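Shown next, in structure tokens, is the structure this report addresses.
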Amino acid sequence: MSTEDRPPAPRSLAEELRARGDASLGALLRSRPDLITPVPTDLTQLATRAGTRASVVRALERLDRFALQTAEALAVAADPAAYGELLGLMAGDDADPAVVAALPHALDGLRERALVWGDDDRLRLVRTARELLAPSPQHPSPTGLGPTVQEATAGMSPGRIQEIVTAAGLASTHDSVSAVTALAGLFTDRARMAALLADAPADSLDVLERLVWGPPYGQVTADPAPRLRWLLDRGLLLPTAPGTVVLPREVALHLRRGLAHRTPEPVPPVVETAAVHRPQVVDSAAAGQAYTALATVEELLKDWDEGGPAVLRAGGLSVRDLKRTAVALDVPEPAAAFWVELAYAAGLIASDGDADERYAATPAYDEWLELPAAERWSLLVTAWLAATRTAGLVGGRDAKDRTLSTLGPGLDRSAAPEVRHRVLALLAGLPEGAAPSTGSVLARLRWERPLRGDRREDDLRGRLAEWALSEAELLGVTGRGALSAQGRALLGAPAPAPGPEAEPAGPGDKLPVHHHHRTTPLAPLSPAEQAVASAAAARLLAPLLPEPLDHVLLQADLTAVAPGPLRRPLADMLGVLADVESKGGATVYRFTPGSVRRALDAGRAASDLHAFLATHSRTPVPQPLAYLIDDVARRHGHLRVGAASAYVRCDDDAVLSEILADKRAAGLGLRRLAPTVLAAQADPAGLLEGLRSMGFAPAAESAEGDVLITRALAHRTPPRTAPEPVPDGPPVPDDTLLSAALRAIRAGDLASTTPRKPGAAPAADGELPRTGAAETLATMQAAVLTGEALWIGYVNAEGSASQRVIAPIRVEGGFVTAYDHTADEVRTYPLHRITGVAELADDAG
């Protein structure tokens with residue numbers, strides 16, 4: 001293309017956006033969704049919004065390391081800069097081939113995000129980005145570069161500048177501007193600069209070496225040492241304040257051989273393989289952990305069935321309740337916090353909302369229990385993937401130095417879902433059975449989202465990634481550190497090429513295996529896509545889970561062994577009739593007088609218990625167990641406790657006399673009212689507990705004298721919805737919203753930029769046209785006859801003003817019906833809401 005045929009270079013970001021196609025504008029709005037919240041009226045407003053500080057900071061935080069290094073290099077280059085200058089800053093004098101190859105893609109990414117605009121010979125970083133990234137004493141640049149010679153000499157006296165120029169071997173000039181230009185030219189000339197430094201004392205070069213990679217500032221005394229004086233005389237160090245000197249940017253770049261960064265990183269670090277397992281081993285290990293996860297959540301909710309811990313005044317669980325829960329689940333406290341938060345995120349537990357507010361299972365928990373095991377697992381992991389509540393923060397401090405508690409406020413981190421998904425996506429990029437090293441995963445994430453400025457001290461994404469790896473293992477998404485088949489399906493990822501068939505390496509074995517198979521990152525799924533993926537994951541997991549059993553093995557020592565998971569009715573009944581003694585591959589239950597009494601309290605008769613055990617035991621019911629049931633049943637309900645404040649009644653007055661004589665009954669405040677009735681100061685529940693601790697088996701009774709049956713699973717919250725994740729900024733627009741937004745922006749831009757006829761309704765940029773009612777009506781009627789388009793100003797019923805391009809079709813009854821180019825449809829407008837009208841120029845497109 002000749003120079004004459006080349007389109008004119010854009011003079012502003014708005015002009016460049018105006019020249020873009022819909023695909024390019026759509027890519028911008030997808031990468032920076034905050035730009036269409038709300039939809040801009042035209043491209044000028046879009047460009048203005050793209051240059052605001054908040055939006056630019058957000059865009060910079062989403063750049064990978066090399067793209068950010070490219071932006072930082074542009075911030076220390078000339079404004080505008082040619083591509084060759086940028087390439088020199090990134091690749092150096094040696095022209096690193098990897099940088100040369102990667103730079104065009106990084107620059108295209110910056111252009112796509114509207115952080116850089118202009119042709120390759122006039123590249124401009126948007127002003128706000130340059131202000132954020134350019135070096136200053138208050139905000140040093142990550143490049144470690146200081147100010148230019150021109151910036152550093154801005155306040156220097158003309159005489160001193162001439163002295164420096166002369167000492168550097170340059171001819172003196174008549175003005176400071178030409179002197180500074182000559183000095184900068186010397187420092188950027190490789191050959192002349194090398195000759196100047198060849199005469200430098202060795203200790204002076206040592207000073208430059210200490211400053212060259214930053215920080216570029218140093219301290220000097222009022223009488224500098226000779227090695228410093230040599231540098232100061234020649235402008236290789238320039239004073240910026242009393243006692244402070246700086247290495248000029250041009251000098252540093254010469255010493256760095258042109259590099260803006262000590263270590264450009266054009267290629268992301270590979271995710272290294274720490275161990276390799278057979279895929280079948282990974283899937284089996286993950287399935288075993290998935291079953292343990294389901295059992296742990298069930299045990300947690302069973303522990304809270306009759307009302308869980310109280311809700312703190314500020315919200316959440318107390319430290320003591322978390323410790324008690326950890327003991328009940330037999331897990332460390334951080335793991336207990338994770339299981340509680342997971343159940344909350346899945347909508348299985350919530351606050352009951354009573355005056356004495358407590359946590360309890362929700363009605364959704366009962367529905368969850370009825371699902372097949374694989375579907376229960378998929379609901380848990382789907383909730384985990386999307387949850388912004390972060391259990392790893394429990395025990396830390398918030399911005400007001402308050403302790404963060406489980407289920408309490410302040411645990412939401414909007415980046416958590418994105419980090420979890422990205423960590424799993426990196427694992428999905430490895431061959432099947434490959435487990436990554438944690439360090440390489442964290443290094444890759446830091447490259448994809450590098451920390452800037454003050455945030456370097458708080459590597460939240462790194463901590464989120466470590467928690468994601470450990471939580472994925474707890475849930476059975478990974479097994480032995482490698483992504484399982486069901487975990488891969490959960491992401492919607494295709495199966496990779498088979499990895500090497502190998503067992504875990506020994507401690508002394510080295511694994512120099514690196515994998516970087518996936519070039520396109522897996523995108524997060526929409527809710528509908530995630531539901532399909534979760535169902536697929538459940539189908540893969542189902543055959544790997546152990547089949548529930550309908551029997552146990554009764555033993556003579558009053559125990560029962562469940563050799564695997566039990567079917568729901570059997571597990572529920574056995575959980576009431578016996579106490580869990582140990583868990584593992586097989587669960588051991590122990591029958592005690594207290595556990596048998598618990599079953600009788602739940603309304604079971606002794607005959608029911610005998611029949612239940614005979615039906616579900618593969619071994620004969622041991623005689624000691626049968627005797628235990630009969631003995632407890634014989635005494636059960638012999639004593640009756642009711643509400644007076646409380647009373648005890650028994651047909652055998654000798655038993656009541658025995659209770660009164662027992663010293664352990666002193667705290668119950670008992671006294672005889674009749675030969676068969678004792679009154680108590682304690683409440684019925686306390687009286688029941690006290691008598692049971694003395695070895696009796698009382699039963700509670702109603703006001704009518706009937707035995708009260710206590711059932712498990714009695715306490716449920718009202719219907720509750722799971723907590724909504726906290727979004728990480730505006731959502732990425734879908735295709736429908738994007739298409740509508742682009743049409744609105746294009747139409748608004750047409751209305752604001754279409755040429756008008758000279759002298760017709762003059763208006764300043766952004767102002768609505770103003771004409772009188774009669775002129776407006778006459779112009780409209782004429783346009784109906786001629787079919788011409790008009791430019792109008794319009795104020796709607798809410799008082800919102802806009803500019804529109806319309807083609808009037810009919811004018812009657814105080815309304816104009818016209819084809820609205822802005823909305824791309826026929827509309828009717830009240831004439832009194834039209835502020836003015838102007839004819840378009842004859843050559844308007």
Side-chain angles (χ1 to χ4, degrees), residues 14-15 17-18 20 22 25-26 29 34-50 730 733-845:
E15 283 193 11
L17 295 180
R18 200 162 281 126
R20 289 192 183 192
D22 282 355
L25 277 181
L29 299 180
D34 57 296
L35 297 183
I36 56 169
T37 310
V39 177
T41 58
D42 55 35
L43 289 169
T44 300
Q45 189 179 88
L46 176 64
T48 302
R49 193 177 295 174
D734 59 23
D735 291 341
T736 303
L737 174 59
L738 199 61
S739 176
L742 287 174
R743 283 200 307 270
I745 293 170
R746 291 283 194 200
D749 203 57
L750 173 66
S752 63
T753 60
T754 300
R756 288 76 170 168
K757 286 188 175 179
D765 286 346
E767 291 187 9
L768 301 182
R770 301 286 177 180
T771 55
E775 183 180 351
T776 298
L777 179 60
T779 306
M780 290 285 184
Q781 291 171 334
V784 170
L785 298 175
T786 61
E788 293 181 352
L790 300 175
W791 174 58
I792 67 169
Y794 181 72
V795 179
N796 64 16
E798 288 76 33
S800 178
S802 61
Q803 304 176 50
R804 298 174 179 275
V805 174
I806 67 172
I809 300 171
R810 182 173 61 256
V811 180
E812 61 183 13
F815 292 87
V816 56
T817 301
Y819 176 75
D820 188 331
H821 290 272
T822 309
D824 195 24
E825 64 183 13
V826 175
R827 289 186 173 181
T828 299
Y829 298 101
L831 285 171
H832 70 275
R833 293 195 177 276
I834 296 176
T835 65
V837 62
E839 297 180 63
L840 303 182
D842 293 336
D843 59 348

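Heavy-atom basis, side chains included; hydrogens, waters and symmetry copies ignored. Note that the structure is a prediction, hence the values are computed from the model and not measured.
Taking Thr48 as the reference, nothing meets the side chain to side chain donor-acceptor pair (under 3.5 Å) condition, with sequence neighbours excluded. Every residue two or more places apart in sequence or in another chain that forms a side-chain contact (heavy atoms from CB on, under 4.5 Å) with Thr779 is listed here: Glu775, Leu790, Val837, Glu839. Annotation: side-chain contact (heavy atoms from CB on, under 4.5 Å) contacts of Leu777 (sequence neighbours excluded): Gln781, Val811, Leu831. Residues that satisfy the side chain to side chain donor-acceptor pair (under 3.5 Å) test with Ser739, not counting sequence neighbours, are Arg743. Ala778 is linked by a side-chain contact (heavy atoms from CB on, under 4.5 Å) to nothing, counting only residues two or more places apart in sequence or in another chain. Among residues two or more places apart in sequence or in another chain, the salt bridge (Lys or Arg N to Asp or Glu O under 4.0 Å) test is passed with Glu798 by none. The salt bridge (Lys or Arg N to Asp or Glu O under 4.0 Å) test applied to Arg833 returns no partner, not counting sequence neighbours. Partners of Ala807 according to the side-chain contact (heavy atoms from CB on, under 4.5 Å) rule, which considers only residues two or more places apart in sequence or in another chain, are Tyr819, His821. A search for salt bridge (Lys or Arg N to Asp or Glu O under 4.0 Å) contacts involving Asp22 returns Arg746, not counting sequence neighbours. Evaluation of the salt bridge (Lys or Arg N to Asp or Glu O under 4.0 Å) rule for Asp735 yields Arg30 as partners, not counting sequence neighbours.
Counting only distance, with no hydrogens or angles, the side chain of Arg49 and the backbone of Leu35 share a donor-acceptor pair below 3.5 Å.
Across all their heavy atoms, Asn796 and Ser800 have their closest contact at OD1-N, 2.8 Å. Of all non-hydrogen atoms in Met780 and Pro808, the two that sit nearest each other are SD-CG, 3.9 Å.
Using a 4.5 Å cut-off on side-chain heavy atoms (C-beta onward), Ile806 and Tyr794 make no contact.
For the residue pair Thr44 / Arg18, a side-chain donor-acceptor distance below 3.5 Å is found, with atom types taken as modelled.
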